[in-house]
Amino acid sequence: MQNNIQAQLTESQKKAVFHKDGPILVIAGPGSGKTRVITYRIAALIDSGIKPYNICAITFTNKAANEMRERAALLGASAGAHISTFHSLCVRLLRRYADKTSIKPNFSIYSDAEQRTCMKHAIKDCMLETSNFSPAKMCEAVSTLKNKLMEPEAFEELADDFFSNALAKIYKKYQQILTDNNAVDFDDLLMQAAFLLERNDDTRHQLNEHFKYVLIDEYQDTNHAQYRIAKALARDHGNICVTGDPDQSIYRWRGADISNILAFEKDWPNAVVVKLQENFRSTPNILEVADKLIAANTGRKEKTLIATRQPGQDVEIMACEDENNEANNIASKINELISNGVSANKIAIFYRINAASRPLEEAFIKAKIPYQIVRGVEFYNRKEIRDMLAYLKVLANSSDETALLRIINTPARGIGKTTIGRIQAYAKENNISTYQALKRADRIATLGNGPKAKVKVFADMINGLMKDIAGPVEPLIEKLFAESGLEAALKQASEKDAIDNINALISAAAIYDKNTEEPSLTDYLQQIALFSDADAYDSSVDRVSLMTMHAAKGLEFDNVFIIGLEEGLLPHERSADNEDELEEERRLFFVGITRAKSRLSISYARYRTFRGQLMRTIPSQFLYELGISLPKSSQNPELQQEDDDYSYDEPQDCPFYPNQLIRHKKFGLGRIKQYLELGENSTVTVKFNTGQTKTLLLKYANLETIDI
DNA sequence: GGACTCTTGGTTTTT
DNA sequence: CCAAGAGTCC
């Protein structure tokens, strides 16, 4: 490798980049060059004579994979290394070695909506009520089991109470439905791939021969299934290099297991451990705040971020009246930045939940600020797009009944519930798929002549299109749009937006065709199923970026605004009851803060609209952990007035100390966990005997102290 | 079979 | 406040 490239690395980075064989653990803070290490390592390996195709690098998003590919090429690494996400890699493996699994290579990948549809059927098939067993909850439970690589049969044996017995039944049924549809969900991709590798020694061996070097970025967010896949991928040679930061683990709720990175040295006892402590991204002002915040987490290995940049602007905390005021304040600050010559694409706004983008959008339109909302999957959630994709899924995989039922009467073609029921009954009786039954509709005795004719027209249309599924995707989609009747239906209803969206889908398919060596419908569908929000981020356009803190992972911006620092929002209310989840919320905020290079502004609103109602908020407990003082008053005299009205019933001095026993009218007995002196906004965090932990505004809480 | 109204339930984060 | 599902009517 050229010397000038070497010069771009620190001594510790070099250690990880140039150490050749065996396991390497790179444990490092934000902005320390973790991803850079992986990229350079790919280049260095190729430079040392390793063939590109012998390298397998795994990133967290497709976007990150693309970027890594480009950067490695810039370093002179010839193309050919496999760089992708875990999920994409698994798709490839399952397609290639489908004969060793229970699925066929043209399998459909089900989105959450499709998963829920199947789950609903599974619950009903088990003679249970969806009102008692909500499909979303059951999907979550099944997902958790799959992430632990627990198959239905194995779980059935463990199930020993009412709920888990029901879950076992539902899980089994759900899995049966997926198999019948020749479909997998996101978790299956990992689970099936893990079993493929673990249960077929020859296949695993062959892959170990092929991928001689395995590199994994963001290792702190791998779940158990991914951990087992990683282990299997490196089993023969042990050339596994992982990078990560336990403080940036933000996917625990999705099964990410922080102990994967913490126990790496146990799994690979000869591992070389490289620590990267310097931060090249942020000013010391920002790092100090990040440091203070994350120090509040108890379950962590202590580490301090070492700043390398010159001091800059202080971190700002903004108190706003409500979400609109917050959005407008930010809009005017951004306009100021832009008029000072800052490019819009150097500015980002992060929030906890997607719904928070709306007031910002309105404010930006008003203030004429160009913006992009980084939410790639939204496009694929539109009804018309899902309809088109359902057609395509049926064409690629005729076993996909979920997709078939979606489109059989979309647009309306007079095939209603009754007809469908009769076709399904016939299919079941004759042990054929619903699609096959459609094709012989004329033989279904229960159908009248009218329905028979309508079904025949539909079946002929699908059959006709199926003849064209080989090769490029774009012409097929275009033909489908016309022949399915969707185009005519949308035109008739003057659904201009919907037509535009489908045209966008067609253009995107053309790009896919152009960029793919061997385009195929199956591959196209499997790829777009794995598209993520973060993939939509376009750094080249000059727009302010709006995204969730989860989507911000791995990115950096000169100017960052983080909004909604309020109890219930960040930390989110659903995390408040659980100490581990609260710590994850803190890590999430930490991730947000450490994206900022030079300027960071954090805001909260004193009122926020919630389910259509303006509600008083409580400033986030995290704000008090940053080590900076909060702004005292709001700018709005009216609201100030309102606060003064309340001030008379403020408690004069606070008798609360940690662990003190108290009683609350509604929640009952509990112990004080924390008391925050904030004047009129003083809060107490109480762990109630019900198991719940709540943060209450002292002035409304009416707590009764119980002295022992 | 399909369009329409009304009710009710529910809001994280995502591959 | 808003989407989805049930129920009602043509």
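Side-chain atoms are counted along with the backbone in the values below, which use heavy atoms only and exclude waters and symmetry mates. On a predicted model such as this, the values are computed, not experimentally measured, just so you know. In the text below, chain A, chain B and the rest are named by the order of the sequence lines, each starting its count at 1.
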Query raised in the report: Do A:Phe590 and A:Phe350 have their ring centres less than 6.0 Å from each other?
Result: no

| task | With heavy atoms under 4.0 Å as the rule, sort A:Phe86 into base, sugar-phosphate or nothing. | result | nothing

From CD1 of A:Ile353 across to P of B:dT14 the rounded distance in Å is 11 Å

TODO: Taking the six-membered ring for Trp and the full ring for Phe, Tyr or His, determine whether the centres of A:His121 and A:Tyr174 are under 6.0 Å apart.
DONE: no

When rounded to whole Å, the NE2 to P distance for the pair A:His572 and B:dG10 reads 15 Å

Closest to the 5' end of DNA chain B, once A:Asp535 and A:Glu585 are matched to their nearest nucleotides, is A:Glu585

Worksheet item: Quick one: is B:dT15 close enough that its OP1 or OP2 comes under 4.0 Å of any side-chain N or O from A:Ser88?
Response: no

inquiry  = Heavy atoms only, 4.0 Å cut-off, all strands: where does A:Thr61 land among base, sugar-phosphate and nothing?
reply    = nothing

Separation of B:dT14 atom P from A:Asp221 atom CG, nearest Å, is 13 Å

A:Asn381 CG to C:dA4 P, in whole Å, measures 10 Å

Are A:Arg254 and A:Tyr251 in a cation-pi setup, meaning NZ or CZ lies under 6.0 angstrom from the ring centre and within 45 degrees of the ring axis? yes

Check your understanding: Is the shortest side-chain N/O distance from A:Arg574 to OP1 or OP2 of B:dT12 below 4.0 Å?
Key -> yes

To the nearest 0.5 Å, atom OG of A:Ser249 lies from atom OH of A:Tyr219 at 12.5 Å

Within the stacking criterion (centroid distance below 5.5 Å, interplanar angle below 30°), does A:His550 stack on B:dT13?
no

Here the distance between atom C1' of B:dT15 and atom CD1 of A:Ile528, to the nearest Å, is 15 Å

*asked:* What's the gap between B:dT13 and C:dA4 when it is taken at their C1' atoms, as a whole Å value?
replied: 22 Å

Does the cation-pi check pass for A:Arg386 over A:Tyr380, that is, NZ or CZ under 6.0 Å from the six-membered ring centre and within 45° of its axis? no

When we call it a touch if two heavy atoms are under 4.0 Å apart, what does A:Asn409 touch: a base, just sugar-phosphate, or nothing?
sugar-phosphate

Margin query: Once you apply a heavy-atom cut-off of 4.0 Å, does A:Lys454 come out as touching a base, just sugar-phosphate, or nothing?
Written below: nothing

Rounded to the nearest 0.5 Å, the CG atom of A:Asn354 sits from the NE2 atom of A:His550 at a distance of 10.5 Å

- Under the criteria of a ring-centre distance below 5.5 Å and an interplanar angle below 30°, is A:Trp253 stacked with the base of B:dT13? yes

Of the listed B:dT13, C:dG5, B:dT14, the closest approach to the A:Ser532 side chain comes from B:dT14

Rounded to whole Å, the NZ-C1' distance (A:Lys417 to C:dA6) equals 9 Å

Atom pairs, N/O to N/O, protein against nucleotides 7-9 of chain C, distance under 3.5 Å?
none

Nearest-nucleotide check on DNA chain B, A:Asn62 vs A:Phe610; residue mapping nearer the 5' end is A:Phe610

(Q) Base, sugar-phosphate or nothing for A:Thr609? Non-hydrogen atoms, less than 4.0 Å. (A) nothing

Phosphate contact (B:dT15 OP1 or OP2) by A:Asn147 side-chain N/O below 4.0 Å
no

- Less than 6.0 Å separating the ring centroids of A:Phe186 and A:Phe86? no

A:Ile250 CD1 to B:dT13 P, in whole Å, measures 13 Å

Side chain to side chain donor-acceptor pair (under 3.5 Å) pairs touching residues 134-144 of chain A, sequence neighbours excluded, are A:Ser143-A:Asp187

Residue set satisfying side chain to side chain contact (heavy atoms under 4.5 Å, CB included) with A:Glu326, at least two apart, ordered chain then number -> A:Cys320, A:Ile330, A:Ile563, A:Ser603, A:Arg608

To the nearest angstrom, the CZ-C1' distance between A:Arg375 and B:dT15 comes to 14 Å

Among the nucleotides B:dT15, B:dG2, B:dT13, whichever has the atom closest to the side chain of A:Phe186 is B:dT15

### Query
Taking only side-chain nitrogens and oxygens of A:Thr548, does any of them come within less than 4.0 Å of OP1 or OP2 of B:dT12?
no

